[in-house]
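Predicted, not measured: the structure shown is a model, and the values here were computed from it. Convention: sequence-line order gives letters A, B, ...; per-chain numbering from 1.
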Amino acid sequence: MRDDGSEPKTDRDGLIPRHRYTADLAARIELAWQDRWERDGTFHAPNPTGPLADGFDEVADQPKLYVLDMFPYPSGAGLHVGHPLGYIGTDVFARYKRMTGHNVMHTLGYDAFGLPAEQYAVQTGTHPRVTTEANIAIIGAQLRRLGLAHDDRRGVATTDVAFYRWTQWIFLQIHGSWYDAVADRARPIAELEAALAAGEREPDPGTNPSGAAWTDLDPIERRRVVDAHRLAYLQEAPVNWCPGLGTVLSNEEVTADGRSERGNFPVFRRPLKQWMMRITAYADRLLADLDHLEWTESLKNMQRHWIGRSEGAEVRFSTESGPITVFTTRPDTLFGATYLVLAPEHPLVDELVGAAWAAGVDSRWTAGAAAPAEAVAAYRAQAARKSEVDSQSEGRAKTGVFLGAYATNPVNGEPIPVFVADYVLMGYGTGAIMAVPAHDQRDFDFARAFGLPVTAVVAPPTDWPADTSAWKGAWTGEGVGLDSANDEVSLDGLAVPAAKTAITAWLAERGAGQGTVTYKLRDWLFSRQRYWGEPFPIVFDEHDLPVAVPEHELPVLLPEVDDYSPRTFAIDDNTSDPEPPLGRAEDWVEVTLDLGDGPKVYRRELNTMPNWAGSCWYELRYLDPTNENAFVDPAIERYWMGPQHDGDTGGVDLYVGGVEHAVLHLLYARFWHKVLFDLGHLSSREPFRRLVNQGYIQAPAYADDRGFYVEASEVVARDGGWFHDGQTVTREFGKIGKSLKNMITPDDLIAEFGADTLRLYEMFTGPLDQSRPWETKAVVGVFRLLQRIWRNVLDEDTGAVRVADVPADPDTLRTLHRAIAAVRDGMETLRFNTSIARITELNNHLTLRFPDGGAPRDAVEPMVLMLAPLAPHTAEELWQRLGHPESLTREPFPEADPALLIDDTVEIPVQINGKVKTRITVPVGLTVTDLEAAARADVKVIGLLDGQTVRKVIAVPDKLISFVVG
RNA sequence: GCCCGGGUGGCGCAACUGGUGGACGCGGAGGGCUUAAACCCCUCUGGCCCCUCGGGGCUGUGUGGGUUCGACUCCCACCCCGGGCACCA
């Protein structure tokens, strides 16, 4: 082939052409370009102002784009091939957008506080910061090797002192504000104090236990009242105490069966004094703004369900011991209420419980106890135990006991029995219900079990028996009111909505209830008894009241301790108090501060913030990572995240991450963002305008006949089965990780093929939001693609450019422009798999058309540019060898010429009675008439229509022609 | 049970607002290059059937119906898989 003999054409083995695209070559290219990008700051995104404003002038007229990934926890295990799926996806998108003229902001930091580093510290004595930094170094190197185009000046870690100082500052903002229900927003607490002092405002209900006038309260009482209004407040309230972990947990961290999400230890409800965040004040806004977000419907639904808004009414039933308030969504069924139920923990239970059973009481109501108090005590003990056992195994069978007391139904004055039963939950509504067995299935089941009357007050379908004792279940559908009238109000004949309105108005008039809205969402428990978290910027004074550490005292640094663990207890120890590790730093705990009244000794808050704190606002710090005067410069926030049009929420333009954060992180971050918005620190009212959940990569895992997983890399496939160590094993697909013994690391893949191949493979296996199995043997397909593109640009033997500077032929040009249109579409819709397919098609065309080289530059260069977001190293290298010294990062992405997207001729299917029988080739743009004429002139069609009566002809220009015969 | 997704070749997946189903890739078959093999290149590849070897027919997108000249796409009912919630009054 080469006759000058100047250079051996193959490598040392004499087998592979010297300039073929191999893993070794890919590695050389990739490392060189990664160094160059870093050296040149290629991916730096200029801010409009501040220290990162260099180069802004050049992009000032471009649209901005903020692309964000959910940041990783720096685990010691490093990354597996599942982790980068989203990172690669956002990188491809961000690179594409840079090439279409956007100022793109994209970086990645670390969510680095958390339990694993702390547990490792407990075991080994290594400071969590040491572990964390080492892990960040490992993962940082893995990520860098992927060629992600991040602005590395911005990738902060939540554990950086310069970061958590501002986490503490934001806590002070939340602590320093209250929710003004009238203005429907958070306001600085000082404005509340002023309004209270001026007599313009009364304390909110429940915040002033004494009920005395503000002017009559002493300063300590006033502080307590004000503190009770704050968005971050201390509360002695039932919390989720997990003795096995030695800490309390948020509702979101407790599983449905009452165990800790982490560690699966029992969790107990018990009253403890803890920091809470008043997220419930934002329930309506968190719900309403979901409608403005570009999130998937399923994700929005998860948040909607978690917030759990229900409209209904509170109704007061009088008893001898005072009123019982119930919550119902069906006040229209009030005439059908035949008993009341209180949750076992309801505070009124003890007051209501009767002295003795009445004569002739139903034996099912007493649980065999001698007196109501005894029955209730036994039932409560049983209910408390039930959450410890598997609640599922109990099924839905209704249990409960009679309190030996009666309440009066306000609509008809009838006495109805009061029960305690665990199917009513203390944590929802008022912890008490009116039971309407005819129209609620749970009440129906209970009534049947306890022999209680079932009174129909909403008309069921006409084929239902008149006698409710023949009903098989409750009627929960719509219908008109029945037997629902007293002297003042009648619901008879009213449809459900009208009946609700009528009865609610009547109750309100009588002072026996009112319309209300209730939520499943609870306030957020914000204290953790852990070491590796943000210390609270709070101290306690001599009255044991909390005082904010002044801003200029921030940060409150984590103290050094000799033992990082909270005290843990026997997993069922429900009585010991939490002992946070910070309490061990004795000289840190006490601090002398001058808060305006001279130096005094204060005691520090010993809890730390939960893991979620940093992730509630990190996306804001990326914008302005070094600012020492503010958590983010408002002008910079407005530029990157501000609303783009009237009604826009603002926020990150694209946020990509796992669906496992559907409620916790995404709800908490929205809440903090809204507080900061209310206080005037932000222009955006939502953090993440558009959100996409990337799919999971699942890998084969193999189990032996005992059901134990075996190391997947040691399994061999043969004869249609799988074998490990000679034994048959079964295959399934699951999440990659240690537990399934199916770890596949990016490092292995990069060593074998290069980072660009890994990137292409992950993008090629399906749309970004779809889960897909990993199949290592299929990776070679995209590796070959890179090899073939390389070969169309460069001579494998000499490395010389083999592209021709001649105009592209019309056929090639059309193929190119069709590819451009499709590639762009795939990029915009995050369906990179289709983009790759079209690039492959184009390259295949060039290979076939120019088998000996000489593909036209006009086609090759656009192809290289289209490849760039997906396989950036290879594309950069080819671009440079094609004679362009500058990086292609901001080279304009090819644009399709609409004129070239259409052919001169088009192949039209000819259908007879809806079935494709043949195809004709006709010029593009034929009219309906001409198309029919062309079809009828076709020899094949003449044959097909011979002897047939054409009843109808449907001709769609450039699409098809269809004859209906018969 | 309720709420979201999703069912297309042996496998991963394509198919614009209803208009040529299976793009692209893996795997497989055949051929080329090679002493040989690997690499690489080319051709074929949903299923069944017929064939005069040019090709032709039938069938096919989870199941059963429907709308339509025409359905992977729209409607109704159902089955299966994945995820979430689950006594929330």
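- Which of B:rC69, B:rC13, B:rA89 sits closest to the side chain of A:L425 comes down to B:rA89.
- Remark: the backbone N or O of A:G695 is not paired with any side-chain donor or acceptor of A:D769 at under 3.5 angstrom.
- Side-chain atoms of A:S310 and A:Y428 include a donor-acceptor pair closer than 3.5 Å.
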Next item on the list: May I have the step-by-step check of salt bridge (Lys or Arg N to Asp or Glu O under 4.0 Å) for A:R304 and A:E297, ending in yes or no?
Entry: CA-CA 10 Å; A:R304 288 185 186 120; A:E297 213 41 45; 3.0 Å; yes

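- Protein atom CG of A:L342 is 13 Å distant from nucleotide atom C1' of B:rA89, rounded to whole Å.
- Here A:Q441 does not reach the OP1 or OP2 of B:rC87: none of its side-chain N or O atoms lies under 4.0 Å away.
- Checked by distance alone, A:K300 brings no side-chain donor or acceptor within 3.5 Å of a matching partner on the base of B:rC4.
- At the phosphate of B:rA89, OP1 or OP2 sits under 4.0 Å from a side-chain N or O atom of A:S310.
- Atom pair A:I789:CD1 and B:rC40:P shows a separation of 15 Å (rounding to whole Å applied).
- Distance from the side chain of A:K952 is smallest to B:rC69 among B:rC40, B:rA15, B:rC69.
- With sequence neighbours excluded, the residues satisfying side-chain contact (heavy atoms from CB on, under 4.5 Å) with A:D332 are A:R330, A:V458, A:V496, A:A499, A:K500.
- Syn is the classification of B:rG54, since its glycosidic angle stays within 90° of 0.
- Note on A:T296: nothing from the nucleic acid sits closer than 4.0 angstrom, heavy atoms only.
- Rounded to whole Å, the distance from CD on A:Q694 to P on B:rG83 is 16 Å.
- Rounded to whole Å, atom P of B:rC39 lies 12 Å from atom CZ of A:F783.
- With rounding to whole Å, A:H439 atom NE2 is found 14 Å from B:rA89 atom C1'.
- Looking at A:L931 and A:V956, their side chains never come closer than 4.5 Å, going by heavy atoms from C-beta outward.
- Salt bridge absent: A:D797 and A:R18 never bring a charged side-chain N and a carboxylate O closer than 4.0 Å.
- Not one side-chain nitrogen or oxygen of A:Q770 sits closer than 4.0 Å to the OP1 or OP2 atom of B:rG6.
- The separation between A:K917 atom NZ and B:rG57 atom P is 7 Å, rounded to whole Å.
- Among B:rC42, B:rC3, B:rG12, the nucleotide with an atom closest to any side-chain atom of A:L848 is B:rC42.
- With both ends at atom C1', the span from B:rA15 to B:rG65 equals 26 Å, rounded to whole Å.
- One can place CG of A:L667 at 13 Å from P of B:rC85, the figure rounded to the nearest angstrom.
- Ring geometry for A:F419 versus A:Y339: interplanar angle over 60°, hence perpendicular rather than tilted (30 to 60°).
- A:R20 has no side-chain polar atom (N or O) that falls below the 4.0 Å cut-off from OP1 or OP2 of B:rA38.
- Under the side-chain contact (heavy atoms from CB on, under 4.5 Å) criterion, A:H346 pairs with A:L342, A:L348, A:V349, A:M426, A:A432, not counting sequence neighbours.
- Among the heavy atoms of the strands, none lies under 4.0 Å from A:P851.
- Nucleic acid contact class of A:V910 (heavy atoms, under 4.0 Å, all strands): none.
- Here the side chains of A:F753 and A:V782 are not in contact, with every heavy-atom distance at 4.5 Å or above.
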Check: Using a cut-off of 4.0 Å between protein heavy atoms and nucleotide atoms, how would you tag nucleotides 17-26 of chain B 5' to 3' with B, S and -?
Finding: --BBS-BBSS

Protein-nucleic acid N or O pairs under 3.5 Å, nucleotides 46-55 of chain B:
none

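- Shown here, B:rG9 is classed syn by the O4'-C1'-N9-C4 or O4'-C1'-N1-C2 angle, which is within 90° of 0.
- You'll find the ring centres of A:F446 and A:Y423 inside the 6.0 Å limit.
- For A:R936 and A:E932, the salt-bridge test passes: some basic side-chain N is under 4.0 Å from an acidic carboxylate O.
- Ring centers of A:Y761 and A:W774: under 6.0 Å apart, within the cut-off.
- For the strand RNA chain B, secondary-structure stems (runs of at least three Watson-Crick or G-U pairs, all distances below 3.5 Å) span B:1-7 with B:79-85, B:10-12 with B:24-26, B:27-32 with B:40-45, B:46-50 with B:55-59, B:62-66 with B:74-78.
- Here A:R304 lies out of heavy-atom contact (under 4.0 Å) with every strand.
- With sequence neighbours left out, A:V424 forms a side-chain contact (heavy atoms from CB on, under 4.5 Å) with A:V341, A:A343, A:I433.
- Checking A:S298 against A:T518, the closest nucleotide of RNA chain B that is more toward the 5' end is the one next to A:S298.
- When rounded to the nearest whole Å, the span between CD1 of A:I961 and P of B:rC69 equals 16 Å.
- A residue-by-residue look at A:D825 and A:V424 shows that A:D825 has its nearest nucleotide of RNA chain B further toward the 5' end.
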